[in-house]
Amino acid sequence: MTPTALFMIGYPIGLGIAALGAGIGLGRAVGSAMEATGRQPEASGTILISMIVGCALIEALAIYALVSPFVVGGYLTAAQ
Amino acid sequence: MTKRMAGLAGWRVLVPLMAAAMLLLSGGAGWAAAEGDHGHAAHPELPNYLTVLLATEVGGTRIGDTHFGHFVHTFEKQILLVTILVLLLLFVWWASRQKALIPGKRQAAVELLAETMYGFYTDILGKQGAKHVPFLGSLFLFIIACNLSGIVPGLGAPTSVFQTTSALALIVAVYVEVFAWRENGIKGYLFHAFGSPRSIPQWVLCPLFFMLHWVETLARPLSLALRLFGNIMGKDILIGVFMLMGISMMGALLKAVAGAESAIVGIPLQFPVYFLALLLSVIQAIVFTLLTAIYISLYQHHHDSDDGHEEHGHGEPAAAH
């Protein structure tokens, strides 16, 4: 198996696993944000901002998995 | 006179100079990478005025094939960055023209923006953090202008290449470290780097904290750069792929209906993606500057042990645990 073929197989699988983790984390974050809003609806603005920021941080982990193969793949195509 | 000249050599000159130096360096890195291997797969994205310029023919030769064309193609995103910078400076100059006591519409809108940003960052940094608001505010405006330029027809997002975002993250890293040194002194900074040991178990774990501190100092700006780059590049690729799909779909439609070869305009399939792109661009700019503010607040003196005046919980930085 050529390195490119392995890369092409591994990249989507890795991305899927990262998206799985991000999905679980985001679900928990948004869930607790909704719960907190239910407890105190007048704080919903603050809770929304905190939730958006938390979601961006969790999302970033999945984006690392999306983006780093672009860097690796560049070296791969250069090496062949 | 001397105070004015001392102010000239202060933050407000050094930071843009640093920024310019790092952005130029990052452009050089992009040039080196492009010269090194031409095997980079160009990902689909919307055309901007530079690609149109490169595609025009002057006297029989495409501008893109000339030496000037190669230069523009390599530094495309950096030229776009300078363009956006010039446009942003013009906008800021236009927005800050009136300074009446009773504001008109333009001044009221600008003051709303400025006060919202001031309130947002002083919530995290406290009253003593008001000196960071110009830096954070201009960083925010610059990043949001760069991100949204990916959607503006004729412009492209400079933050969709890793060079630009890593330059921005470098600027933030240097700013935070220099602020930490100036605020705490060298001894205070090292004390913080060793994890602020106050009891015997903490003194034993000192070296571990020291290594962790340097890893953190490297990883935090890197995560900032990767997050912004990944989001904006992903958004650009998404828009580009949908646009290509729209063009091919229109081509198939025209072929079936009128027998034409290919389409000039495509079905605007990328339009729904624009809403997601707007949301993401704004949120990523907010998150970048918010995280910068949090990193700054970690190095600030916390005034909760002051016996001079009572600082209620509002003044405490949100991230201080």
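Values below: all heavy atoms of this structure, side chains included; hydrogens, waters and symmetry mates excluded. Just so we're on the same page: letters track the sequence lines, and every chain starts at 1.
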Closest non-hydrogen atom pair, A:I63 against B:R227
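Closest approach of A:I63 to B:R227: CG2-O, 4.4 Å.
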Determine whether more than 12 heavy atoms belonging to other residues, nucleotides or ligands lie under 6.0 Å from atom [atom1] of [X].
X: B:F242; atom1: CZ; result: no
X: B:H213; atom1: NE2; result: yes
X: A:Y11; atom1: OH; result: yes

Tell me, side chain or backbone of B:I237 under 4.5 Å from chain A's heavy atoms, or both, or neither?
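Side chain of B:I237 only, per the 4.5 Å heavy-atom cut-off to chain A.
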Using heavy-atom distances under 4.5 Å, tell me whether B:L280 contacts chain A through its side chain, its backbone, both, or neither.
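Neither part; nothing is under 4.5 Å.
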Straight-line distance of B:I283 CD1 to A:E59 CD, nearest 0.5 Å:
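The CD1 atom of B:I283 sits 9.5 Å away from the CD atom of A:E59.
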Kindly compute the distance separating CG (A:L57) from CG (B:L290), expressed to the nearest 0.5 Å.
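Taking CG in A:L57 and CG in B:L290, the distance rounds to 8.0 Å.
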Verdict with supporting geometry, A:I49 and B:I286, side-chain contact (heavy atoms from CB on, under 4.5 Å):
CA-CA 10 Å; A:I49 295 180; B:I286 292 178; over 6 Å; no
